[in-house]
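Working notes, structure below.
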Amino acid sequence: MELEKAYNPAEAESTHYKSWEERGCFAPEINENPNAEAFSIVIPPPNVTGSLHMGHALQHTLMDVLTRRKRMLGYKTLFLVGVDHASISTQLMVTRALKKDEHKTPQDIGREAFMGRAWAWKNKYGGTITNQIRREGLSVDWSRERFTMDENLSKAVSEVFVRLYGEGWIYRGKRIVNWCPRDKTVLSDLEVKEETKKDGKLFYLQYPVKNSDAKITVATTRPETMLGDTAVAVNPKDERYKNLIGQTIELPLTNREIPIIADEYVDAEFGTGAVKITPAHDPNDYEVGLRHNLEQLNVMNDDATMNETAGNDFVGLDRYAAREKVVEKFDELSLLEKIDDYEMVLPVCERCKTVIEPFLSEQWFCRMDEMRDLALDLMKREGAPHFYPQVPHEKVYMTWLENLRDWTISRQLWWGHQIPAWYDENGNVIVARTKEEAVERAGTENLTQDADVLDTWFSSALWSFSTLGWNGETTETEDLKTFHPTDVLVTNRDIIFLWVSRMVMTGLKFIGEKPFEDVIIHGTVLDKNGQRMSKTKNNGIDPLDVFNKYGVDATRMTLADSATGIDFAWRDEKVESFRNFANKIWNATRFCLLNSDGAQVDYSFINPKAEVKEIKQTLGDELNELDEEDEEFLDKIKPEFAFDNPKENLSLADKWIISRLNKTAVQVNKSLDKYDFHEAVQTLYHFFWDDFCDWYIELVKDEITASEPNVKRDAARSRVITILEQSLRLLHPFMPFLTEELWQKLPEVSSDLHNDAYKNAKQTIMLADFPMGDAAMIDEQAESEMQAVIDLISKTRNIRAEMNIKPSDRTAIHVAANADLQKVFNENQAQILKLARASELNLNETLDVPRASAKAVLAGGAEIAVPLEGLIDFAKESERLENQSNKLNAEGERLKNQLANQGFVEKAPPEKVAGLQARVAEIEQQTNALKQNLEALK
RNA sequence: AGUCACUUAGCUCAGUGGUAGAGCACUACCUUGACACGGUAGGGGUCAGCAGUUCAAGUCUGCUAGUGACUACCA
């Protein structure tokens, strides 16, 4: 079988996902090992109205990398998927559609009909993001897909509400809240953002003092609220106003009289030092009002138009129109002192950017003091959840908890979980799980349910356990026992408060345990100019476009490579480089497959433990009780199985690549265990491209491309294809599609390489054993010998390049080296000749070459010379040697200075000093050699 | 205002005490039977600035400057 010349991602992406899903590979049930440890992760539920953006793609990639690796390692793995109901945005969309299609408002059709439309909308359009999740290749268990408004999850919401109410942690009250006049609902503090308004104005209004000619001037940015003023406040220490305290203001435009009061809250330095107090329309004024027993005059409707209380002149006007009119009237009355330009910051609705109106209304609140203590104690007690990176997130999280205020949980919407509270004819509240329960408790059928729904985050807060079956009634499901607490949460820092902290609190409160061990907070994907992506700036990058252009795997690699916890600017060039990497993997495999006749994938030559496993299976139980490392065990199996010692048949290149492979596997596992995705990607990239493609394949090329079949050739083919197979496994969590596509094309993988937990393992790489790497297979001697060979080849190539030797011209290489190195070079002569384009390799103790030679020094005291009669440019060669010499000298000087430092020699660790001394000796030897070579040119 | 992060090659970023790294871009050569989405060999950085701790600082401490984020307040 021959592969196409270049990797075409679309093909692989269109077939494998379906096949994985159909075979049930994503469900934990695929794991048939009854003793398997569990690994679980829940997706931060995206909005049902949403579509995939780069932040999702990043987050999802990281979760999938972790999940796929754990699954391959034999964990019983659950990656739970689902979306939340997004109360506000869904309601907005459905309302918009209703208006467009039927010219009706929600009120026109009523709550029940509206809910019908909303569900229909959800069923029709709500699948956008879930389909995109399939496109990303996420190995999520679709059989456990959840929605926050599922029956069971809704039941959990009611249960939690009822219990918290019962304990007095939920209450109803009239407070100043953040009101969005467009959505006509209250919002929590966290859903309010700030916007700077540069062209704001500060209005100075004069209020006449009763029975006096005096006027007191107040400064305000919102003159229309003066219609609801119920006092003017000054600082008690402010000498200017001391004698006015206790007097009365005749409030213009109204026929009301309001007192002048003293309150510490007033900053005498700001504005005029006198503040109008509007308790119903400002949170600070509200507090002042409570302290002084002031009336709360609400002058607005829920759409921010003025109501009757504002007076006949203003009723029905929008707040901004009312503002103009108030200012006009003050001007007419000559009570407008002045208008200053004033830059100010306005609170706006996070979703629709409408300016928030502080509004006095009756809402449901969740008390956070005791909830917060649960989370604080957990951190103090066991440092959980552990944030990655710990700095700065842990501190931010703790500080926020410490200053936490009560949470407004009701919303004036229909789409969502209707608050499980009923009112009887007398207005008594009955909080119950169901209407039946409420009726029973109230003793009457005549009950009205609270019209409001709960904040979407209230249900998201239960996500870690409601998704696993908890609903208050059922509290111990198999899934909860197996998968809770989840292992790790991957999310962005914007929702540490909105979601992470609340999940911790509810988890502790209702399950009695933390919802997750670790929390990975990833950075934000910025545009190429380092700006945040936003709809208003229209600088967003659609992950789907990137998938289409470069492939899903390349995108995943890019995101994983960038995941260091801090923000990063998106670069198309980077995806391009990983697209190239995917193509490199494709072509390396293509080459191996072109030379794969007679080859088999067999791990035994690189991992004796795999052999042991096979032997154990053959010999049966008697050996299973013995430790594999035990000498008795080894003695017992050796004579029975006189397998060749495979290591003795291996070339230096083989030993070297086996060592590199094991180092890579060890490193990748280590990196992923500490959630260092960047390190894992870099390790894999350089192993595959530099070690495997640039060196190993080149070193064994002649051997595996031999046209005549023979045992040696086929063994070499097996080795190269096995290394390749192992590499694909290591890459699979990052690049699932490409690796599956290629893995399917490899010769059959021997059975002992599969994971016992999965009966489907032979059909898919995603259920193959993930290579852990074996420290015993790391061969430092082979690595250093190979390094010498690489050094020899590279230096020769350098000479050839610098001297402009045509690629077709072969040159001789003379090497001076010690006996050990000579042996290494001699054994690898064929490869050296090929890769250095040399005609002959002369090995000696010393160099004896014509003057017309280019030379270089190697590590370990070796030197090389390339005779270039008629080709050498002596001036250029001098310059080249000079350059090398200068570089070495600079380093040597630096090190010698360090060694000359008494303090260094005395205080630095001895091995450091010895290392430096050795390096200095080598540099001296090499510079001497270079000097002699230079002399010889003259 | 407070808290925090960031500042390393032209660009995007790794690198937490011991000889400055990667990818892209750049230069030269190469259409060599896996790959031009490629190969080979190169050039390029007083690690924002200043001071300190240390035998030794890109790395630790303090200050300064710039950039960004978050929290609170803003009559």
Side-chain angles (χ1 to χ4, degrees), chain A residues 2-3 5-7 202-204 218-222 225 232-233 265-267 270-278 282 284-285 342-346 389 391-393 395-396 399-400 403 493-494 496-497 524 526 528 530-532 550 554 558 561-562 564-574 576-595 676 678-679 682 685-686 693-694 697-698 701 705 793-794 797-802 804-808 835 837 890-892 894-895 898 901-909 911-913 915-916 919 923:
Chain A
E2 193 171 327
L3 300 185
K5 226 177 154 184
Y7 174 49
L202 189 59
F203 302 88
Y204 290 78
V218 296
T220 180
T221 53
R222 306 177 57 211
T225 63
V232 167
Y265 150 73
V266 180
D267 176 3
F270 188 90
T272 61
V275 187
K276 57 189 278 308
I277 301 295
T278 326
D282 182 283
N284 291 307
D285 293 6
Y342 185 67
E343 185 179 322
M344 57 187 181
V345 180
L346 290 175
V391 178
H393 303 302
K395 192 175 158 192
V396 171
T399 311
W400 185 78
N403 300 304
R493 63 177 165 261
D494 294 349
I496 295 178
F497 307 147
T524 307
L526 309 171
K528 65 177 171 89
Q531 300 292 310
R532 277 179 94 92
Y550 300 103
T558 304
D561 184 57
S562 308
T564 56
I566 64 174
D567 300 350
F568 61 96
W570 181 263
R571 295 256 110 195
D572 272 350
E573 295 91 321
K574 191 158 184 170
E576 209 171 304
S577 77
F578 283 111
R579 190 260 329 251
N580 296 351
F581 181 57
N583 192 55
K584 188 75 180 177
I585 297 169
W586 176 268
N587 273 291
T589 306
R590 176 169 185 260
F591 176 71
C592 292
L593 287 176
L594 285 172
N595 299 288
D676 191 334
H678 169 80
E679 192 174 68
Q682 290 296 315
Y685 184 97
H686 288 114
C693 292
D694 285 352
I697 289 185
E698 294 304 328
K701 205 170 232 178
T705 54
I793 294 168
S794 300
R797 284 169 170 173
N798 175 271
I799 288 171
R800 292 176 54 95
E802 298 279 328
N804 299 321
I805 308 301
K806 275 189 281 179
S808 54
L835 298 182
R837 300 192 156 271
E891 190 190 340
R894 212 174 36 243
L895 298 186
Q898 211 173 329
N901 185 334
Q902 202 73 27
F904 173 72
V905 182
E906 281 165 16
K907 295 191 182 173
E911 65 273 15
K912 294 276 179 212
V913 180
L916 234 70
R919 178 69 187 142
I923 288 170

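Chain letters run A, B, ... following the sequence lines, proteins first, then strands; residues in each count from 1. No hydrogens, no waters, no symmetry mates; every other heavy atom, side chains included, goes into these values.
Between B:A41 and A:Ser794, a contact under 4.0 Å exists linking OP1 or OP2 to a side-chain N or O. Proximity of A:Lys395 to the phosphate of B:C4: a side-chain N or O atom is located under 4.0 Å from OP1 or OP2. Remark: A:Lys912 is not in phosphate contact with B:G18, judged by side-chain N or O atoms under 4.0 Å from OP1 or OP2. Residue A:Asn580 places at least one side-chain N or O under 4.0 Å from the OP1 or OP2 atom of B:G38. Listed pair A:Arg797 / B:A41 meets the phosphate criterion, a side-chain N or O lying under 4.0 Å from OP1 or OP2.
Taking atom P in both B:A9 and B:G58, one finds a spacing of 15 Å when rounded to whole Å. On the C1' atoms, B:A41 is 46 Å away from B:C4, given to the nearest whole Å. Taking atom P on both nucleotides, B:C73 is separated from B:A5 by 24 Å, rounded to a whole Å. Rounded to whole Å, the P atom of B:U40 lies 12 Å from the corresponding atom of B:C24. Here, B:C13 and B:U8 have their P atoms 10 Å apart, quoted to the whole Å. B:U16 and B:A56: their C1' atoms are spaced 15 Å apart (whole Å). Using P as the reference atom, B:U54 and B:U59 are 16 Å apart when rounded to the nearest Å. Straight-line distance between the P atoms of B:G45 and B:A22: roughly 14 Å, to the nearest whole Å.
Among the protein residues, A:Lys5 comes within range of the sugar-phosphate backbone only, with heavy atoms under 4.0 Å from sugar or phosphate atoms but none that close to a base. Residue contacts for A:Val396: at a heavy-atom cut-off of 4.0 Å it reaches no nucleic acid atom on any strand shown. Nucleic acid contact class of A:Arg579 (heavy atoms, under 4.0 Å, all strands): base. Counting any heavy atom pair closer than 4.0 Å across all strands shown, A:Val218 reaches no nucleic acid atom. A:Tyr342 comes within 4.0 angstrom of sugar-phosphate atoms only, judged by non-hydrogen atoms across all strands, and of no base. The residue A:Arg222 sits apart from the nucleic acid: no heavy atom pair falls under 4.0 Å. Using a 4.0 Å heavy-atom distance criterion, A:Leu202 is classed as a sugar-phosphate-only contact. Residue contacts for A:Lys584: at a heavy-atom cut-off of 4.0 Å it reaches a base atom on one of the strands shown. Base engagement by A:Cys693 is indicated by at least one non-hydrogen atom pair under 4.0 Å involving a base atom. Residue A:Thr524 is out of contact with every strand shown, counting any heavy-atom pair closer than 4.0 Å.
Remark: C1' of B:C35 and CD of A:Glu698 are 11 Å apart, rounded to the nearest angstrom. Summarising the geometry, the separation between NE2 on A:His686 and C1' on B:G21 is reported as 9 Å, rounded to the nearest angstrom. With rounding to whole Å, A:Glu891 atom CD is found 13 Å from B:G18 atom C1'. Atom NE2 of A:His393 is separated from atom P of B:U3 by 19 Å (rounded to the nearest Å). B:C29 atom C1' lies 11 Å from atom CD of A:Glu802, rounded to whole Å. Here B:A22 presents its P atom at 20 Å from CD of A:Glu576, a figure rounded to the nearest Å. B:C29 atom P lies 16 Å from atom CG of A:Asn798, rounded to whole Å. A:Lys701 places its NZ atom 9 Å from the P atom of B:G33, with the value rounded to the nearest Å.
Considering only the side chain of A:Asn583, B:C37 comes nearest among B:C37, B:U19, B:U32. Minimum atom distance to the side chain of A:Ile697 is reached by B:A34, of the listed B:A69, B:G23, B:A34. Side-chain proximity of A:Asn587 to B:A5, B:U19, B:A34: nearest is B:A34. Each of B:G23, B:G39, B:A34 was ranked by its minimum atom distance to the side chain of A:Asp694; first place goes to B:G39. Which of B:U19, B:A36, B:G39 sits closest to the side chain of A:Arg919 comes down to B:U19.
Here A:Leu202 contributes atom CG and A:Thr221 contributes atom OG1; the two are 7.0 Å apart, rounded to the nearest 0.5 Å.
In this structure A:Asp282 satisfies the side-chain hydrogen bond (donor to acceptor under 3.5 Å, both in side chains) test with no other residue, sequence neighbours excluded. Scanning for side-chain contact (heavy atoms from CB on, under 4.5 Å) contacts around A:Thr524 gives A:Arg493, A:Leu526, A:Arg532, A:Asp567, with sequence neighbours left out. Annotation: side-chain hydrogen bond (donor to acceptor under 3.5 Å, both in side chains) contacts of A:Trp570 (sequence neighbours excluded): A:Asp572. Applying the side-chain contact (heavy atoms from CB on, under 4.5 Å) criterion to A:Asp267, with sequence neighbours excluded, gives A:Glu269, A:Phe270. Here A:Phe497 pairs with A:Trp400 under the ring pair (Phe, Tyr, Trp, His ring centres under 6.0 Å) rule; sequence neighbours left out. Legend: residues meeting side-chain hydrogen bond (donor to acceptor under 3.5 Å, both in side chains) with A:Glu679, ordered by chain and number and at least two apart, are A:Gln667, A:Ser671, A:Lys674. Take A:Glu576 and apply the side-chain hydrogen bond (donor to acceptor under 3.5 Å, both in side chains) test, not counting sequence neighbours, and it matches no residue. Residues passing the side-chain contact (heavy atoms from CB on, under 4.5 Å) test with A:Phe591, sequence neighbours excluded: A:Asn595, A:Ile697, A:Lys701, A:Ile704, A:Thr705. Under the rule for a side-chain contact (heavy atoms from CB on, under 4.5 Å), the partners of A:Ala274 that lie at least two apart in sequence or sit in another chain are A:Ile216, A:Val218, A:Val232, A:Val234, A:Tyr241, A:Thr272.
Between A:Lys912 and A:Leu916 there is no side-chain heavy-atom pair separated by less than 4.5 Å. No side-chain heavy atom of A:Arg837 sits less than 4.5 Å from a side-chain heavy atom of A:Arg797. Residues A:Asn580 and A:Lys584 fail the side-chain proximity criterion, which asks for heavy atoms closer than 4.5 Å.
The strand RNA chain B forms stems, runs of 3 or more Watson-Crick or G-U wobble pairs with distances below 3.5 Å, at B:1-7 with B:65-71, B:10-13 with B:21-24, B:26-30 with B:38-42, B:48-52 with B:60-64.
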Starting from the C-alpha separation in whole Å, work towards a yes-or-no answer on ring-ring contact (aromatic ring centres under 6.0 Å, His included) for A:Tyr550 and A:Phe578. CA-CA 8 Å; A:Tyr550 300 103; A:Phe578 283 111; over 10 Å; no
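Mapping A:Gly271 and A:Thr589 onto RNA chain B via the closest heavy atom, the residue that lands nearer the 5' end is A:Thr589.
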How would you summarise protein contacts on nucleotides 52-63 of chain B per nucleotide, using B for base, S for sugar-phosphate only and - for none, with heavy-atom distances below 4.0 Å? ---B--------
Nucleotide-resolved protein contact map, nucleotides 7-15 of chain B, B/S/- at heavy-atom distance under 4.0 Å: ----SSSS-
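For A:Gln902, the CD atom counts as loosely surrounded, since its 6.0 Å shell holds 12 or fewer non-hydrogen atoms of other residues, nucleotides or ligands.
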